[in-house]
Number of protein chains: 2
Amino acid sequence: MQLSDFHKDFVLHFGEMGSRWGIARTVGQCYAVLFLSDAPLCADDLVEALGVSRSNVSISLKELQAWNIVRLRHVQGDRRDFFTVPEDMWEIVRTLVEERKKREIDPTLTKLRDLRMAEPSEADAYAHGRVTELHDLIETMTGFYDELSHLETERLVAMIRMGAKLKKFIAGSAKVLPLKSKTTEG
Amino acid sequence: MQLSDFHKDFVLHFGEMGSRWGIARTVGQCYAVLFLSDAPLCADDLVEALGVSRSNVSISLKELQAWNIVRLRHVQGDRRDFFTVPEDMWEIVRTLVEERKKREIDPTLTKLRDLRMAEPSEADAYAHGRVTELHDLIETMTGFYDELSHLETERLVAMIRMGAKLKKFIAGSAKVLPLKSKTTEG
DNA sequence: CATAAGTTTCAGTAATTTCTGAAACTTTGG
DNA sequence: CCAAAGTTTCAGAAATTACTGAAACTTATG
């Protein structure tokens, strides 16, 4: 499992981006190697490819599995665990969004719901209003997300590719739908 | 600037979530305090409210400004710098998405473009294909994002609230538009 | 049940990131 | 130009997170 220069370039980039994406360097690199690989790989393949410790790879693979973005695969006649990444990239995107929502949004949604419940004292009136507004906004967005997430990939992609056409449809409906906004200011 | 229990609860949550959101604890807490505040606050208000060092607040405010999510405000007859968060939450969301795209996606887009350019050796053929596919996918998504980002907030929100109605429109168009997918070639 | 092939755990170390406090710097008004 | 009020910088301390290597554990097979 020596990596070609092409592979290395990609893999190192994923390692560097890791910290921005909220994952450890090795986790990003493991993912990158699996992403580029035609065939399923075992932990030792990754150790060799990346030159990191076996335990590091083991933990990184666990994390990737926790994220649901690598899959365990068993190879006929081999006792070792092998891993792959789904072929379908839209599937990958879906999972990534879902998992990030789970980690980065859902806990806050819960907290906002709780805070909103509390009967605010005089001094907290403004803050309570802000919390309420934020909670409503996030619910609106996650509601939209939930609807999209149930679409078949084909339709979702169709929509994404639609772009400008979508705009026109919205433009038409916007006149009809009552909008909740800070009164037209101009 | 003593924080009420209500404020504290919110602020501590933002601090804890910070690491998941890719910001330091104090950065998250500063933002939270500003978010809940009716009036603009100066650095020392935050020092007092959070019990952290002046320099920490200073750096945190710089980071928040780098993210474009707090604004410098000058108060009549006061030499100090004051800070606020935009009132309009959709504005905040736009900025957040824009900045995260800049940090988490754009560098990878550049890298993928470069890798795609390279003429792949025999051994890199599969990997090169994966890179190409990933590049196409991200361009499709950022293209869609660019279009949406130019919509006025009113229309954007109208669209998000539309949900189910949007589905029907897509369903109709999907039959008409040629879809690029695994099963259907050219 | 013994062994070998493989995986996981964990205590300690290394690396990185965040935070502090003091010093340096900037700006305004006299 | 000086003094006062404010802001920024930065070297080192503290805290957190990532990584290693060795030991413990698991499981398939003779």
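Heavy atoms only: backbone and side chains are in, while hydrogens, waters and symmetry mates are out. Letters A, B, ... are given to chains in the order of the sequence lines, protein chains preceding strands, and every chain is numbered from 1.
- For A:Arg79, there are no salt bridge (charged side-chain N to carboxylate O under 4.0 Å, His left out) partners at least two apart in sequence or on another chain.
- A:Arg116 meets the salt bridge (charged side-chain N to carboxylate O under 4.0 Å, His left out) test with A:Asp136; sequence neighbours excluded.
- Other residues sharing the hydrophobic cluster of A:Leu12, ordered by chain and number and joined by side-chain separations under 4.5 Å: none, the residue standing alone.
- Residues that satisfy the ring-ring contact (aromatic ring centres under 6.0 Å, His included) test with B:Phe82, not counting sequence neighbours, are absent from this structure.
- Considering only residues two or more places apart in sequence or on other chains, B:Asp78 meets the side-chain hydrogen bond (donor to acceptor under 3.5 Å, both in side chains) condition with B:Arg80.
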### Message
For nucleotides 5-18 of chain D, give me one character per nucleotide, 5' to 3': B if any protein heavy atom sits under 4.0 Å from the base, S if the only such contacts are to the sugar-phosphate, - if neither.
### Response
BSSBBB-------S
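- Protein atom CG of A:Leu72 is 15 Å distant from nucleotide atom P of C:dG6, rounded to whole Å.
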